[in-house]
A.B. asks: 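There's a structure below that I have some questions on.
In listed order, ligands and their atoms are each counted from 1.
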Amino acid sequence: MTNPHATRHQFDQVFVPSYQPASAIPVKGQGSRVWDQAGKEYIDFAGGIAVNALGHCHPALTDALAAQGNKLWHLSNVFTNEPAIRLATKLTAATFADKVYFANSGAEANEGAFKLARRYAMNKYGSQKSQIIAFKKGFHGRTFFTVSVGGQPAYSDGFGPKPGAIDHAIYNDLASLEALISDTTCAVVLEPIQGEGGIITPTLEFLQGVKALCQRHNALLIFDEVQTGVGRTGKLYGYMHTGVTPDILTTAKALGAGFPIAAMLTTTAIAKHLQPGTHGSTFGGNPLACAVAEAAFDIINQPHLLAGVTERETLFRQGLTRLANQYDVFTNVRGQGLLIGAQLAARYSGQARQLMTYAMDAGVMCLVAGADVVRFTPSLIIPKQDISEGLQRFEQAIQRWLAVQ
Ligand SMILES: Cc1ncc(COP(=O)(O)O)c(C=O)c1O
């Protein structure tokens, strides 16, 4: 399986050094198992960072891709295409939204959402209504607008002047939002669970309070469901657990289940402010991406599949809680559905990445969310046997890691 022409050493020679990938190079995946160049097998609890909702090489997705690949690849938005129309119809039928704008990544969907919110407010109320309020530790992508809206200065500092009229409140702290919001606020944006910020779940009162403040000040409520969307939490979208409906929702990651696609969803009254020529993308709504996403959507948006996410959450929680108690390494296990975080005990502060490397050595892929949280975002249909075997490997990783403390 080894390909001498593509080595990890070469990566460092030819890549911009913005990533530091693991030393092994995966070459093959099937379901929730992955193999590297040396033939070593891993159980995949990372899911490509909450992307591979149906694991690797799901036959319905490879069939959809092959069928579309033999039919029509790309047109641009000078033309529409059948898979895009079908997917948009399904997304609107299943959610609060009436209209869809397709993009290629979460950041791009958010960029569209923020531009739409600004344009809507400007058209309806005047140009003074431009403030966007987001939350500290929030993450919305890496374009300059979205990273500036994100609440992690470490990601947005150091690139010169930032886009203006962006402020950050404290997540789960309604008073901090109340202190910032006014009639000049055009939008409040949040993740229904903060993912990159450490798997932080808001209270229902907080979400209801945010909605009420938005309504009082004619500000749009934007839910960034890039990580929480498409079944990840056990419902199609995270907002569906809460009864709090956003005005704009962004979705990416699991939407294409591994094929790059994203979407911004909204109502007709808001969407009409993006008239022809105001926003666009060459690749957004590409037929290959939409065909795969439609096949994934048909499988994921089923009651039995979504119920299976909650069953698997229970297995992860039980297993991780046992490890937390036995080894005293985690203070809590949190999240919803298959977006799970295990918080390291204070004495291991800053070592989540190191534990993740030990896990990789033990044959299980996981992620971090910040320096102190180990994150698990596996396939929504990961076999239960793979969960127990993966947790056994993770236990070995903990033992080896503790041995060097
Ligand atoms: C909540 C959230 N929004 C936006 C993004 C950015 O998505 P992308 O990397 O596809 O641009 C991410 C990625 O991790 C995310 O978790």
A.B. asks: Using the benzene-type ring in the case of Trp, are the ring centres of Y348 and F330 under 6.0 Å apart?
C.D. replies: no
A.B. asks: Check residues 152-160 and write down every donor-acceptor pair under 3.5 Å in which the side-chain atom is one partner and the other belongs to a residue at least two apart or another chain.
C.D. replies:
unit_1, atom_1, unit_2, atom_2, d
Q152, NE2, K137, O, 3.3
S156, OG, K162, NZ, 3.1
D157, OD1, K162, NZ, 2.6

A.B. asks: Which donor-acceptor pairs under 3.5 Å do side chains of residues 58-67 form with protein atoms, sequence neighbours excluded?
C.D. replies:
unit_1, atom_1, unit_2, atom_2, d
H58, ND1, A60, N, 3.0
T62, OG1, H58, O, 3.4
T62, OG1, P59, O, 3.1

A.B. asks: Using a cut-off of under 3.5 Å, which N/O atoms of ligand 1 pair up with protein N/O atoms, and what distance separates each pair?
C.D. replies:
unit_1, atom_1, unit_2, atom_2, d
ligand 1, 3 (N), F139, O, 3.3
ligand 1, 3 (N), D224, OD1, 3.2
ligand 1, 3 (N), D224, OD2, 2.7
ligand 1, 10 (O), G106, N, 2.8
ligand 1, 11 (O), G106, N, 3.4
ligand 1, 11 (O), A107, N, 2.8
ligand 1, 14 (O), E196, OE2, 3.4
ligand 1, 14 (O), K253, NZ, 3.1
ligand 1, 16 (O), Q227, NE2, 2.8

A.B. asks: If you define the side chain from C-beta out and look only at heavy atoms, does anything of I43 sit under 4.5 Å from E389?
C.D. replies: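 Heavy-atom side-chain distance check passes, below 4.5 Å.
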A.B. asks: Backbone N or O of G285 within a donor-acceptor pair of the N81 side chain at under 3.5 Å?
C.D. replies: yes
A.B. asks: Donor-acceptor pairs under 3.5 angstrom involving side-chain atoms of residues 197-221: please list them, not counting sequence neighbours.
C.D. replies:
unit_1, atom_1, unit_2, atom_2, d
T203, OG1, F206, N, 3.0
K211, NZ, T245, O, 2.6
H217, ND1, D183, OD1, 2.9

